[in-house]
Amino acid sequence: MGQCGITSSKTVLVFLNLIFWAAAGILCYVGAYAFITYDDYDHFFEDVYTLIPAVTIIAVGGLLFIIGLIGCCATIRESRCGLITFVIILLLVFVTEVAVVVLGYIYRSKVEDEVNHSIQKVYNEYNGTNADASSRAIDYVQRQLHCCGIHTYSDWMNTRWFNEFQNNSV
């Protein structure tokens with residue numbers, strides 16, 4: 001009867017580690033996609049720090065892969081030290097996730113203000129032609145997201161382009 005419990009536990013742990021590997025693959029894909037997509041939106045952001053989330057996502061994906069590998073090896077070999085290491089790593093991941101959620105909640109308004117300021121600056125430089133990169137970026141984003149303006153169409157009424165052309169159309 002005891003052997004059945006050990007086999008079940010090992011099976012569950014290996015399955016959970018396979019989930020870690022799947023999550024690692026998905027995170028690496030999402031991070032790479034965000035990194036590649038950044039080229040289309042880089043005119044809206046003033047600094048290169050906007051790439052930090054994409055790099056962080058890829059790093060977390062790599063870390064999850066390593067954690068899954070440690071967990072699988074420890075489970076299959078029935079290594080007490082390996083399993084303790086695995087549990088400690090999982091606890092550290094949990095504490096880190098809680099810290100990130102708390103920091104995200106605390107700084108959400110600051111990030112939103114910075115992004116709005118940066119986007120407003122690009123909208124003020126818009127000239128209505130596809131000659132410059134910022135105008136192409138605005139046109140691209142509005143086509144892709146099927147939107148008009150930063151929040152609503154009335155955001156255009158405060159831009160230099162709208163005031164110069166006075167055609168009352170967006």
Should [X] and [Y] be regarded as members of a common hydrophobic cluster, given that ILVMFWY residues are connected when their side-chain heavy atoms come within less than 4.5 Å of each other, either directly or indirectly?
X      : Y      : result
Tyr107 : Val102 : yes
Leu64  : Ile66  : yes
Val60  : Leu90  : yes
Ile67  : Leu83  : yes
Val93  : Ile58  : no

Could you check whether any side-chain heavy atom of Leu69 comes within less than 4.5 Å of a side-chain heavy atom of Trp21, counting everything from C-beta outward? yes
Can you find a pair of side-chain heavy atoms, one from Phe20 and one from Cys72, that are under 4.5 Å apart? no
Which atom names give the shortest non-hydrogen contact between Cys28 and Gly62, and what distance separates them? SG-N, 4.0 Å
Tell me the closest heavy-atom pair linking Gly61 and Ala24, and the distance in Å.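 Taking every non-hydrogen atom into account, O-CB, 3.0 Å.
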Using modelled atom types and a 3.5 Å cut-off, is there a donor and acceptor pairing between side-chain atoms of Arg108 and backbone atoms of Tyr105?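 Answer holds: yes.
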Distance (rounded to the nearest 0.5 Å) between [X] [atom1] and [Y] [atom2]:
X     : Y     : atom1 : atom2 : value
Ile36 : Tyr33 : CD1   : OH    : 9.0 Å
Leu13 : Ile76 : CG    : CD1   : 10.5 Å
Asn17 : Phe86 : CG    : CZ    : 4.0 Å
Leu16 : Thr75 : CG    : OG1   : 9.0 Å
Leu27 : Leu63 : CG    : CG    : 10.5 Å

